[in-house]
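Structure, as structure tokens:
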Amino acid sequence: MAEKKKKPTPKLDELEKGPWPSFVKEIKLSAETNAASQAVLGILERSYNEKIGHWKHGGIVGVKGYGGGIIGRYNDIPEDFPEIAEFHTLRVNQPAGWFYTSDALRTLCDIWEKHGSGLTNMHGSTGDIIFLGTTTEELEPTFNALTAAGFDLGGSGSAVRTPSACCGMARCEWACYDTMALAHDLTMTYQDELHRPAFPYKFKFKMSGCPNDCVASIARADMSIIGTWRDSIQVDKDAVASYASSGKRDIAKDVVEKCPSKCMAWDAKSLTLHIDNSNCVRCMHCINVMPKALAPGKDRGATILVGSKAPIIEGALLSAVLIPFLKLEPPYEDIKELVHAMWELWAENGKNRERIGEFIQRIGLGNFLEQIGLEPVPEMVSEPRSNPYIFYEVKKG
Amino acid sequence: MATETVKRITDIGPPYYEKFLPPIIKKNYGKWKYHEVLKPGVLLHVGESGDKLYSVRAAAPRLTSTKTIRLFAELADKFSGGYLRYTSRNNVEFLLTDEKQIDPLIERLKKEGYPVGGIGPSITNIVHTQGWVHCHSAASDASGVVKSVMDELFPRFEKMDLPGKLRIAFACCLNMCGAVHCSDIAILAVHRTLPKINTALLPKICEIPTTVSSCPTGAIRPKMVDGKQTVEVIEEQCMFCANCFTVCPAMTLADAENDGISIWVGGKVSNARHEPMFSKLAIPFIPNNPPRWPEVVAAVKNIVDVYAKNASKYERMGEWIERIGWPRFFKLTGIEFTKYHIDDFRHAGETYKRSLHLKHTPAEG
């Protein structure tokens, strides 16, 4: 391979300095043995000089039989950067919870170094492993190498996107359901919807094990499944006393005063914490602060919320409560029935590029519930309407 | 190479996660008792069985070479039996059962340039997008801003000295891939100038109805120009969101001189104490200044320092601001309040202050 003269990259070189891990160092590592990565340095330095990006909308590229999983990308100055004239991304469905063995990672590296730039994102925002940059010609071979190794592509476009989950029961004592098992189950159940876009727009599932919501499910998922419990917080009285007497926590100030529903009381004499569980809103603060003493209740499940999204078009939304409490056990028939009803309605009636959250805003949550067969409950609203423009439906005759 | 008659494999989904779990996790799955933060970047989880799992978290850049992934694999082999994971914010975690291996691993990671930290009341990794590295709609670079900000805020990654967790996220345009709209500090790249319409190209590559309906403010109308079907933009209605560009590549908004950075504060996704909330505008515009965006870095550092100095224990940025009130936030940070800070989209009126609950200062003298 002829050694192409490396153009200097003084602006990028500046970003190799400093204590935070440097992405420039990463690109240079791959560039040592890959011409495309070397070209990325060049085009990026150019962007830094010109203060403008040099990538174009991708066309339709993909692998046979799939309508997604690959993002086409081309640069707009291919005469200067021919090595990355085509520089497509493959989304590779991650194992639930992002757990890996060293061998699994090496397998992925072997495939990607052979077929692409060697640059990755670990991971993309939705959760996939991102293989950043290869040619159209290499897409099929990369895909075949991946599936032969037991990996598959993730979702893109107007399809089910790759579900993601927190580490849940694998490591966290607060997991109120098996987030990773559910993520895997939904991913396998909806393979067709994931690989073959057929919806008005994207649809994301995100699974968090508790209301701390470590995968930001309530902000980023069309269907947010967030663990919670129905019964009482479990209290280890001795451990509570220990936190207090050791001086590690000021229970009154750190715990009781911070409770949003004011459902707690602290008896400093007997070192006893009283919790009125009927008024606990399951915010997790007290548990976060005293992990050795408090834990979520035993009757565990999840709250199902729907509709979150980023601003485009009608504005950002957080997911809204659909089912206040649901027990989650495989094969998760309740969830799947709900999903089916929602998809049927939204797929049929949603506008082009209308997320389900915007669809609900447009037709009204009340109508949405009616159509999917869910009874309205007060837990679905922060407050009832204050405006009197009510679409009364008066039965005639 | 011989013609392959192997059946093509599709629709197999991801590998079943169970085969990547270390024995200690399989044994204690769903049966963990409690956890502790032993020191910055090091978690201890104790099972009901008494088993102890140590997680060592190291910063990793989202943009990673396979060579670095191999390094992490090698470190996992040496220190954690080959077992590791990544976090939802792009950090790497090594899953150890031998306590004695923690410090040697930390030392080795530091030596390789991947510092350990990011747990508890700290600033962890900045979730971000592709930026100029790969995105067609970027109004700024992502990795460069992230690197610059984290170089400056680095001590807050290694220590746990903030009142509460502080999550920073970056998006290179309003698509917000990664949903930065609920972060303690969100850094959002923006356009400020009208789309430039390529009239010759537009009818060939854009669907007119889709383009018209892509605009949140209805600023786009069909128009005939020289017998060609194209569109026009009602200038006063355009707020440069670039959704039209997303659906119609012939309408470009990227502008080297006028694109730049906005800063938002006070969002959170967790339910702890306060319900989740969106980030709100703090600074409407700072010009792009690669490679290190010093003005952005200084602005973010200022907000972090003021928060660190004034918030109470456990208070997230948004909770602190809600307690002291937005007028005091602007005063303490010295950030200018402008017309841009006032909402003017749907439901804007709901954010106006419609009560007398104001903090006043007595007159001097």
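In what follows, chains carry the letters A, B, and so on, assigned in the order in which the sequence lines appear, proteins first and then strands, with residues in each chain numbered from 1. These numbers come from the heavy atoms of this one structure, side chains and all, not from hydrogens, waters or symmetry mates.
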For each of [options], tally heavy-atom pairs with chain B at distances under 4.5 Å, and name the one with the top tally.
{"options": "A:Arg353, A:Arg282, A:Met284", "result": "A:Arg353"}
{"options": "A:Arg220, A:Arg73, A:Lys351", "result": "A:Arg73"}
{"options": "A:Ile218, A:Ile71, A:Leu132", "result": "A:Leu132"}
{"options": "A:Gln94, A:Glu140, A:Lys309, A:His54", "result": "A:Glu140"}
{"options": "A:Ala96, A:Pro10, A:Gly127", "result": "A:Ala96"}
{"options": "A:Lys17, A:Glu50, A:Lys292", "result": "A:Lys292"}

Are side-chain heavy atoms of [X] and [Y] found at a separation under 4.5 Å?
{"X": "A:Ile43", "Y": "B:Trp132", "value": "no"}
{"X": "A:His184", "Y": "B:Glu18", "value": "no"}
{"X": "A:Asp213", "Y": "B:Ser270", "value": "no"}
{"X": "B:Cys135", "Y": "A:Trp55", "value": "no"}
{"X": "B:Leu21", "Y": "A:Met180", "value": "yes"}
{"X": "B:Asp11", "Y": "A:His195", "value": "yes"}
{"X": "B:Pro115", "Y": "A:Pro21", "value": "yes"}

Side chain, backbone, both or neither: which part of [X] has a heavy atom under 4.5 Å from chain B?
{"X": "A:Asn288", "answer": "side chain"}
{"X": "A:Val281", "answer": "neither"}
{"X": "A:Lys258", "answer": "both"}
{"X": "A:Lys253", "answer": "neither"}
{"X": "A:Ile27", "answer": "side chain"}
{"X": "A:Asn144", "answer": "side chain"}
{"X": "A:Met188", "answer": "side chain"}
{"X": "A:Leu318", "answer": "both"}
{"X": "A:Asp103", "answer": "neither"}
{"X": "A:Ala175", "answer": "neither"}
{"X": "A:Cys167", "answer": "both"}
{"X": "A:Ile111", "answer": "neither"}
{"X": "A:Glu257", "answer": "neither"}
{"X": "A:Arg46", "answer": "neither"}

Is a side-chain donor or acceptor of [X] paired with a backbone partner of [Y] at a separation under 3.5 angstrom?
{"X": "A:His123", "Y": "B:Ser88", "answer": "no"}
{"X": "A:Arg171", "Y": "B:Leu53", "answer": "no"}
{"X": "B:Asn271", "Y": "A:Cys283", "answer": "no"}
{"X": "A:Thr147", "Y": "B:Ile12", "answer": "no"}
{"X": "A:Ser102", "Y": "B:Ala76", "answer": "no"}
{"X": "A:Glu14", "Y": "B:Arg292", "answer": "no"}
{"X": "B:Arg85", "Y": "A:Gly97", "answer": "yes"}
{"X": "A:Thr120", "Y": "B:Thr64", "answer": "yes"}
{"X": "A:Glu173", "Y": "B:His35", "answer": "yes"}
{"X": "B:Lys147", "Y": "A:Trp20", "answer": "yes"}

Charged N to carboxylate O under 4.0 angstrom, B:Lys33 versus A:Asp236?
-> no

Electrostatic pair A:Asp254-B:Lys313, nearest N-O below 4.0 angstrom =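 A salt bridge is present here (some side-chain N lies under 4.0 Å from a carboxylate O).
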
Would you name the heavy atoms of [X] and [Y] that are closest together and state the gap between them?
{"X": "A:Val63", "Y": "B:Arg8", "value": "CB-NH2, 3.8 Å"}
{"X": "B:Ala256", "Y": "A:Ile52", "value": "N-CD1, 4.1 Å"}
{"X": "A:Pro260", "Y": "B:Arg273", "value": "CB-O, 3.1 Å"}
{"X": "B:Val269", "Y": "A:Ala219", "value": "CG1-CB, 3.7 Å"}

Check B:Cys241, B:Ser214, B:Pro216 against A:Ile312 for a side chain to side chain contact (heavy atoms under 4.5 Å, CB included) and give me the one that passes.
-> B:Cys241

Given the side-chain rings of B:His136 and A:Tyr74, with only the six-membered ring counted for Trp, is the space between their centroids under 6.0 Å?
-> no

Audit row: B:Asp141, A:Lys11, salt bridge (Lys or Arg N to Asp or Glu O under 4.0 Å) steps and yes/no = CA-CA 13 Å; B:Asp141 188 36; A:Lys11 287 201 160 76; over 6 Å; no

